[in-house]
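A short write-up of the structure that comes next.
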Amino acid sequence: ISRSSSKQRIDGCNLTRKTLSQLLAAFVADLRFEDIPDEVVHDAKFRILDVIGCALCGSVEASSKKILDLVTDLGGRPESTIIFHRDKCSLTNAALVNGTMAHAVELDDDHRTATAHPGVVAIPAALAIGEKENVTGRTLIASTVVGYEILCRIGMAALPFGGFTLIDRGWHATGPCGAFGAAAAASKILELDQSKTAYALGIAGSQASGLYQFIAESSWVKRFHAGWASSAGIIAALLSQRGYTSPLSILEGKLGFYHAFVDDKFDARKLTKNLGRTFEIAKTAHKPYAGCDASHALIDAAIGCVEENNIAIEEIESIEGRTNKHLASIVAGKSPRKYTPQSVLDAQFSAYYVMSLGMIFHRVLWDELSQNLSNPKVLELAKKIKVVADPKFDKGYPELWGAAVTIRTKGGRKFTYAVKTAKGDPMRTPMTDEELKVKFRTLASKVLGTDQIEQIIKTVEDLDKLGQIDTLTNMLRP
């Protein structure tokens, strides 16, 4: 529905019905922990564990150290924990650092229709302001759930391809949509009423930002998008708490979000359909592999083809990957940096490199991705790969992210392996609780010992029984 044909059309004056942000705000303000289904509560716990693991691993990255240096120099009241750092900082800067660190390793979850990373925005915001307010584990869970819901629905509503529509116009959906999600999470922690939550969403809309040009220049700033959105959402909620106002028609208004970002092409129904009855957090994909998940179905198919047919790497003559045109446009192409990554960021967005890693190591976690940029075996295999757009995989997109891989051997044999959608899709190919724990242990072990890791896992599993979340946040420091 474009703005001109939507029943929700608002010109910003003489409002006679609830705007979209008011409808979303009512959901945020009114949702009680008891309203959240048990399976969604369980899911949210593992989202929190996953983001903590990503931040622990990401804490040692150079980009994380730079932003930590800045926050240290800025100073401020010691309100909230910086993950794997002894000192606290202001709650807004804690969200900034933790969100940026968690997004650094490209292993955080992704909502495939919104084409955004909700966890690294909503959860750092909820942890930071939740620690300052010293809320219960149940409140942290509820805050996380509403943060995901608002972020994802705003991305989903863009037409015709959800969040990819934003990407196609140069926006990294995690940033623009994330500010709204973080504002929702923070508003829930602060117990803002419907009116003030709506104003918080409006303030967040004026902070919505994050350009996709990073992909062309191998820059760190993509990671910053998550942290900035997380921090911006907290600022929005705190301002609204103090009586600051904003446009209630921030989403559908004549000069609002959907006009500015997608030329008024959006489906208002996706913002409110089954709101409070179904939960987008439970439809968000976990990532089993480091790197942009536009490559993940290709990795699945490449590993599957090698393992099912017992193909020796030395016998491979050529590999062809086929996937959706949108996914291929992000991670494939003829750029030399796609075949021979010059940095970790190049590697994260190279289908050739991560497919090669998958076939050789049978997994693609942070060590594999970051430690093989000069590995001749990996680079030689990557040169044998081509990835093409296949209309077959356009069907079902953006809900389905499928791919197929065909391997030809030097002996003339040909093998094909296809996947309908990438591993981690919670509705079709979910990661199990045990797989997520293994992932957490692997990431956290970069900086923490076994006892501390297991203590964090146990605490998060029992999060709904936690009286004060500083019991958890205190475990996240060295």
Side-chain angles (χ1 to χ4, degrees), residues 18-48 51 95 99 109 111 114 116-131 133 135-157 174 177-205 208 226 229-230 232-238 240-241 250-251 270-284 463-464 469:
K18 284 191 174 182
T19 66
L20 292 174
S21 62
Q22 287 176 312
L23 294 171
L24 295 176
F27 159 75
V28 173
D30 293 349
L31 184 75
R32 303 171 305 159
F33 176 83
E34 293 76 18
D35 299 327
I36 305 172
D38 290 345
E39 63 272 17
V40 176
V41 169
H42 181 83
D43 185 90
K45 292 176 183 179
F46 276 87
R47 304 286 169 184
I48 292 167
V51 167
D109 61 8
H111 190 283
H117 298 265
V120 289
V121 178
I123 292 169
L127 280 171
I129 196 166
E131 181 178 9
E133 298 296 320
V135 299
T136 67
R138 289 187 170 201
T139 300
L140 178 64
I141 291 169
S143 173
T144 296
V145 169
V146 298
Y148 270 73
E149 197 70 23
I150 301 308
L151 186 160
C152 295
R153 284 180 178 267
I154 288 173
M156 288 163 56
T174 300
C177 301
F180 292 104
S187 295
K188 192 66 183 174
I189 294 285
L190 294 172
E191 299 183 337
L192 300 189
D193 62 18
Q194 293 185 20
S195 176
K196 288 190 174 181
T197 300
Y199 283 134
L201 294 176
I203 297 166
S230 191
I234 292 177
I235 291 172
L238 291 173
S240 181
Q241 185 187 43
I250 189 65
L251 294 171
K270 291 186 177 181
L271 290 164
T272 57
K273 184 179 179 182
N274 293 322
L275 185 62
R277 293 192 292 274
T278 63
F279 292 88
E280 294 305 318
I281 190 170
K283 302 176 186 177
T284 302
L463 192 58
D464 53 326
I469 67 164

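What you are looking at is a predicted structure, and each value in this text was computed from that prediction instead of being measured.
Nearest heavy-atom pair across Val121 and Pro124 is O-CD, 3.6 Å. When all heavy atoms of Ile141 and Ala44 are compared, the pair lying nearest together is CG2-CB, 4.0 Å. The nearest pair of heavy atoms linking Ala142 to Ile36 is CA-CD1, 3.9 Å. Of all the heavy atoms in Ala200 and Ser187, the pair that sits closest is CB-OG, 3.5 Å. Contact detail for Gly119 and Asp109: the closest heavy-atom pair is N-OD1, 3.2 Å.
A search for side-chain contact (heavy atoms from CB on, under 4.5 Å) contacts involving Ala25 returns Thr197, Ala198, Leu201, not counting sequence neighbours. Remark: Arg32 engages Glu34, Asp35 in a side-chain contact (heavy atoms from CB on, under 4.5 Å) (not counting sequence neighbours). With sequence neighbours excluded, no residue forms a ring pair (Phe, Tyr, Trp, His ring centres under 6.0 Å) with Phe27. Tyr148 meets the ring pair (Phe, Tyr, Trp, His ring centres under 6.0 Å) test with no other residue; sequence neighbours excluded. The side-chain contact (heavy atoms from CB on, under 4.5 Å) test applied to Ile250 returns Ser21, Phe180, Pro247, not counting sequence neighbours.
Checking each of Val135, Ile129, Ile234 against Leu190 for a side chain to side chain contact (heavy atoms under 4.5 Å, CB included) leaves exactly one that passes, namely Ile129.
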Item checked: Pair Asp464-Phe33, side chain to side chain contact (heavy atoms under 4.5 Å, CB included): steps then yes or no -> CA-CA 9 Å; Asp464 53 326; Phe33 176 83; 3.9 Å; yes

Check: Are Val28 and Ile150 close enough, and set up right, to give a side chain to side chain contact (heavy atoms under 4.5 Å, CB included), and what steps lead you there?
Finding: CA-CA 8 Å; Val28 173; Ile150 301 308; 3.8 Å; yes

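Counting heavy atoms from C-beta outward, Pro118 and Ile281 have side chains that stay 4.5 Å or more apart. Two residues are said to be in side-chain contact when any heavy atoms from C-beta on lie closer than 4.5 Å; Leu140 and Leu463 meet this criterion. Between Thr144 and Leu127, the closest side-chain pair of non-hydrogen atoms is not below 4.5 Å. Taking the side chain as every heavy atom from C-beta outward, Met156 and Lys273 never approach each other to under 4.5 Å. Between Arg47 and Asp43, the closest side-chain pair of non-hydrogen atoms falls below 4.5 Å. Using a 4.5 Å heavy-atom cutoff, the side chains of Glu191 and Thr139 are not in contact. Leu251 places none of its side-chain heavy atoms less than 4.5 Å from the side chain of Thr19.
The backbone N or O of Val145 lies less than 3.5 Å from no partner atom in the side chain of Lys188, so there is not a single donor-acceptor pair. Ser230 places a side-chain N or O within 3.5 Å of a backbone atom of Ala125 that can act as its donor or acceptor partner. A donor-acceptor pair under 3.5 Å links the side-chain atoms of Ser240 to the main chain of Lys196, judged by distance alone. With hydrogens and angles ignored, the 3.5 Å screen pairs no side-chain donor or acceptor of His117 with any backbone N or O of Val120.
Once rounded to the nearest 0.5 Å, the distance linking NE2 of His111 with NZ of Lys283 reads 7.0 Å.
Sorted by first and then second residue, the salt bridge (charged side-chain N to carboxylate O under 4.0 Å, His left out) pairs with a member in residues 141-150 read Glu149-Arg153; sequence neighbours excluded.
Within 6.0 Å of CG on Asn274 lie more than 12 heavy atoms contributed by other residues, nucleotides or ligands.
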